[in-house]
Amino acid sequence: MIQEMQIRVLPQIAASTATIREYVAREKGIDSRTIRDIRVVKRSIDARHRQVFVNLSLRVYVNETPADEGFSRVDYPDVSEAQQVVVVGEGPAGLFAALRLIELGKRPVVVERGKDVRQRKLDLAQISKRQKVDPESNYCFGEGGAGAYSDGKLYTRSKKRGNVEKILNVFCQHGASLDILCDAHPHIGTDKLPRVIEAMRNTIINAGGEVHHETKMTRLIVNAGAVVGIEAVSLATGQERQYRGPVILATGHSARDVYTYLYDAKIEIEAKGIAVGARLEHPSRLIDQIQYHNREGRGRYLPAAEYSFVTQVDGRGVYSFCMCPGGFIIPAATDKQQIVVNGMSPSNRGGQWSNSGMVVELRPEDVEGDSPLRMMQWQQQVERDCWQQGNMKQTAPAQRMVDFVNGKLSYDLPRSSYSPGLISSPLHFWLPSHVGKRLREGFKDFGRKSHGFLTNEAVVIAVETRTSSPVRIVRDNETLMHVGVEGLFPCGEGAGYAGGIVSAGVDGERCAEMAAEYLSRL
Ligand SMILES: Cc1cc2nc3c(=O)[nH]c(=O)nc-3n(C[C@H](O)[C@H](O)[C@H](O)COP(=O)(O)OP(=O)(O)OC[C@H]3O[C@@H](n4cnc5c(N)ncnc54)[C@H](O)[C@@H]3O)c2cc1C
C-alpha cells in the first residue's frame with residue numbers, strides 16, 4: 001500500500017530516513033518494519049519563528065516496494081547515422097540541447113572552446129595560486145559552462161513546471177542526488193557537478209554524437225541566407241575545421257568575441273539590461289543566527305541559512321542574487337586585465353562564510369550611445385577599472401559593509417573565502433555612481449529589514465558584472481530561429497533567453513526541438 005502524507009516536524013526528525021520512518025510508524029500506529037521505503041516528495045524549511053520546523057510531503061510504502069528508481073528515465077537511441085545539428089557551447093543550454101536532439105533522433109556535434117571539466121579545474125587553481133587567467137579555460141569557459149563550478153542552485157522562476165522537472169530528472173539520471181526533486185531550493189554543489197556533467201557528455205558520445213573540447217567556433221558558414229555550419233579552430237593544434245548542420249548557438253554571457261563577430265557580420269543583436277554590483281560576504285554563523293532567530297546558529301540538523309532581499313532605489317531594482325550559503329567567492333574573470341567575482345558552494349554548504357551578489361539593475365537607456373554592444377563595453381570598462389583598483393592582479397578591491405555605506409575607507413579587512421586575496425579600497429568612491437549610491441541605500445534598507453545584517457563583520461567585494469547577458473541575439477518567438485538568418489538558433493543565457501542553469505537547460509531543449517523540426521523540413 002502506498003500512502004501520501006504531510007508532516008511538520010522538528011529538524012532532528014527530518015534529518016534522516018530512519019528518524020522519519022520511526023516518526024511515521026508512531027503517528028500511524030504501525031510496526032516500522034512494515035514500512036519498506038519512504039520517499040520525500042517535497043521538503044521545505046519554515047524558519048519564520050524561533051522554533052524552526054521542516055514541512056515534508058511523503059510517499060510511504062507499507063508492505064510494498066517502489067517499482068521505479070525515483071526519477072523518470074529518458075531513452076537515448078543510437079543516432080550515429082542520423083542528420084546532424086551543430087551545438088556551439090557545452091554549458092547547460094548546449095548539454096541539454098544535445099541530449100534532447102538525441103531523444104528526437106538527431107545527431108549532435110558539440111563544439112566547446114574550453115577544456116573538459118576535470119582538466120579545467122587545474123586552470124581554475126592557477127587563477128588563485130598564480131593570478132593567471134586563461135582566456136579559454138576559466139570559471140565561465142569549459143565543459144559544463146559557467147554552471148560547472150558553481151553552487152549548482154537549481155531553482156528557477158520559470159512557471160513551466162513540466163519542463164523544469166524534466167531537467168531535474170535528467171540530472172538525476174546522470175548521478176545527481178534525488179533530493180533535487182523534492183527540495184524547495186534544490187542545489188547540487190560544486191563538488192558533485194563535474195561528475196554529473198561527465199556522465200551527460202558520455203551519454204552524448206555513447207549515443208553516437210560528438211563532443212570536441214578546446215575547439216572554438218570562429219565564424220558561421222552562411223549559404224544563401226541560411227546558416228549551414230561553423231568554422232572552428234582547435235586550440236590544442238591550431239588546425240581549422242568545419243562542422244556542418246543547422247547551428248544552436250549556446251555560447252553563454254561571457255563570449256564577447258562571439259557578440260563582436262555577430263555585430264561585424266551584421267547578424268542582428270540588441271543591447272540588453274544587466275545587473276551590476278558586488279559580492280557581499282558574512283560569516284555563515286551570523287547569517288544562521290539572523291535567519292534562524294537563534295544565538296546558537298543553525299545547530300546540527302539545519303542547513304546553512306539562505307536570505308533574499310529586494311528593494312527599489314531611485315527607480316531601479318537593488319537585490320541579492322545567487323546566494324551561496326556556506327560557500328566561497330571565486331574569481332570569474334575570462335581575460336587578463338579584469339576582475340569579476342561570483343560565488344559557489346559545495347554540496348554540504350559547510351563553509352565558514354555565506355555570500356551573495358548584491359546588484360543594481362542597469363537598463364540600456366542608462367548607458368550612453370546606441371550600439372548594441374554598449375552594455376557589454378560598459379561592463380568591460382567596470383571590470384578593467386576594478387582590476388586597476390585591485391593592483392592589476394586578481395586581488396579584489398574590498399570594503400567593510402558599514403564603511404561602504406558610510407563612505408569611509410576600511411583600514412583593515414576581515415578574513416574572506418576569496419582565495420586570490422583582498423585589498424582595501426574605497427568602493428563607495430570609484431564604483432559607478434549609478435551602482436554605488438543605490439547599493440549603499442539598498443544595504444541600509446536590508447539592514448532595517450534584518451537586524452544584524454548591516455555589519456562591519458561583512459565585506460563588500462568588487463565587482464559582480466556577469467549576472468546575465470549584456471546582449472540579446474534576436475530570435476523569432478515561435479521558431480526560436482534568428483530573425484535574420486535561417487538555420488541559426490540563438491540559445492540559453494548568452495542569447496538573452498535564460499538566466500541560470502535550469503532555465504538554460506529548458507531553453508536548450510526547446511531550441512533542440514525547433515532545430516530538429518527545421519531539419520526535418522529541409
Ligand atoms: C561562478 C558561477 C556560479 C553560478 N551559480 C549558479 C547557480 O548556483 N545556479 C544557477 O542557476 N546559475 C548559476 N550560475 C549561472 C549559470 O552558470 C548560467 O546561467 C548558465 O551556465 C548558463 O548556461 P548557458 O549554457 O546558456 O551558458 P554557459 O554556461 O555560459 O556556457 C556557454 C559555453 O559556451 C562556450 N563557448 C563560448 N564561446 C564559444 C565559442 N566561440 N566556441 C565554442 N564554445 C564557446 C563556453 O566556453 C561555455 O562553456 C553561476 C555562474 C557562475 C559563473
Side-chain angles (χ1 to χ4, degrees), residues 86-98 110-117 120 124 134-158 167 185-190 193 197 211-220 230-235 243 247-262 279 321-325 327-334 340-345 349 355-357 464-469 490-508 511:
V86 180
V87 178
V88 189
E90 199 194 348
L95 279 166
F96 278 94
V110 181
V111 173
E112 165 58 53
R113 74 196 295 165
K115 296 183 186 163
D116 75 55
V117 72
R120 188 178 166 190
L124 303 185
D134 179 338
E136 306 297 347
S137 175
N138 45 58
Y139 276 99
C140 293
F141 295 162
E143 184 179 38
Y149 291 95
S150 76
D151 189 38
K153 275 181 284 297
L154 299 176
Y155 28 106
T156 167
R157 270 170 274 165
S158 170
I167 300 298
H185 287 173
H187 82 114
I188 297 183
T190 183
L193 269 166
I197 290 160
V211 179
H212 301 276
H213 294 138
E214 295 182 76
T215 304
K216 176 155 87 169
M217 181 199 87
T218 48
R219 66 178 210 93
L220 298 164
I230 62 159
E231 278 181 14
V233 60
S234 159
L235 298 173
Y243 298 94
V247 173
I248 295 180
L249 189 66
T251 44
H253 58 29
S254 290
R256 289 176 176 160
D257 51 351
V258 174
Y259 294 136
T260 307
Y261 160 73
L262 294 173
R279 278 267 145 185
F321 173 82
C322 181
M323 208 236 144
C324 298
F328 26 102
I329 298 181
I330 52 116
T334 45
V340 179
V341 289
N342 212 309
M344 68 183 193
S345 44
R349 289 181 164 171
N355 71 74
S356 74
E464 171 116 10
T465 46
R466 310 279 178 95
T467 50
S468 69
S469 170
C491 179
E493 181 147 35
Y497 296 97
I501 296 170
V502 172
S503 65
V506 169
D507 201 52
C511 286

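Bear in mind that the values here come from a model prediction, so they are computed numbers and not experimental data. Start at 1 and go down the list; that is how both ligands and their atoms are numbered. Residue numbers run from 1 in the order of the sequence given.
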What is the nearest protein non-hydrogen atom to atom 9 (N) of ligand 1, stated with its residue, atom name and distance? Lys153 O, 3.0 Å
If we set the cut-off at 4.0 Å for heavy atoms, which region of Val88 has an atom near ligand 1: side chain, backbone, both, or neither? side chain
Among non-hydrogen protein atoms, atom 34 (O) of ligand 1 lies closest to Gly89 CA, 3.2 Å
Provide, to 0.1 Å, the distance between atom 30 (O) of ligand 1 and the closest protein heavy atom, together with that atom's residue and name. Gly252 CA, 3.3 Å
Shortest non-hydrogen separation from Val117 to Ala148 and the atoms involved: CG2-CB, 4.2 Å
Could you identify the single nearest non-hydrogen protein atom to atom 47 (O) of ligand 1 and state the distance to 0.1 Å? Glu112 OE2, 2.6 Å
In this structure, atom 25 (O) of ligand 1 is nearest to the protein heavy atom Ala93 N, 2.9 Å
Atom 21 (O) of ligand 1 has as its nearest protein heavy atom Gly147 N, 3.2 Å
Is it the case that the side chains of Arg466 and Thr334 hold a donor-acceptor pair, with the cut-off being a distance below 3.5 Å and no angle test? yes
Which atom names give the shortest non-hydrogen contact between Glu112 and Gly142, and what distance separates them? OE2-N, 3.1 Å
Residue, atom and distance of the protein heavy atom nearest atom 53 (C) of ligand 1 read Asn342 ND2, 3.5 Å
Atoms in ligand 1 flagged as close to Gly142, the criterion being non-hydrogen separation under 4.0 Å: 47 (O), 49 (O)
Does even one non-hydrogen atom of Thr218 get within less than 4.0 Å of ligand 1? no
Taking both backbone and side-chain atoms of Val502, is any N or O found less than 3.5 Å from an N or O belonging to ligand 1? no
Output the list of atoms in ligand 1 that are nearer than 4.0 Å to some heavy atom of Gly492, sorted by atom number. 26 (O)
Protein heavy-atom contact under 4.0 Å for atom 17 (O) of ligand 1? yes
Going by the closest heavy atom to atom 40 (C) of ligand 1, which one wins out of Glu493, Met323, Met217, Arg219? Met217
Looking at Gly343, which atoms of ligand 1 are within less than 4.0 Å of one of its heavy atoms? 1 (C), 2 (C), 3 (C)
Does the plane of the ring in His212 sit parallel, tilted or perpendicular to the ring in Tyr243? Use 30° and 60° as the thresholds. tilted
Just heavy atoms, cut-off under 4.0 Å: does Ala255 contact ligand 1 by side chain, backbone, both, or neither? side chain
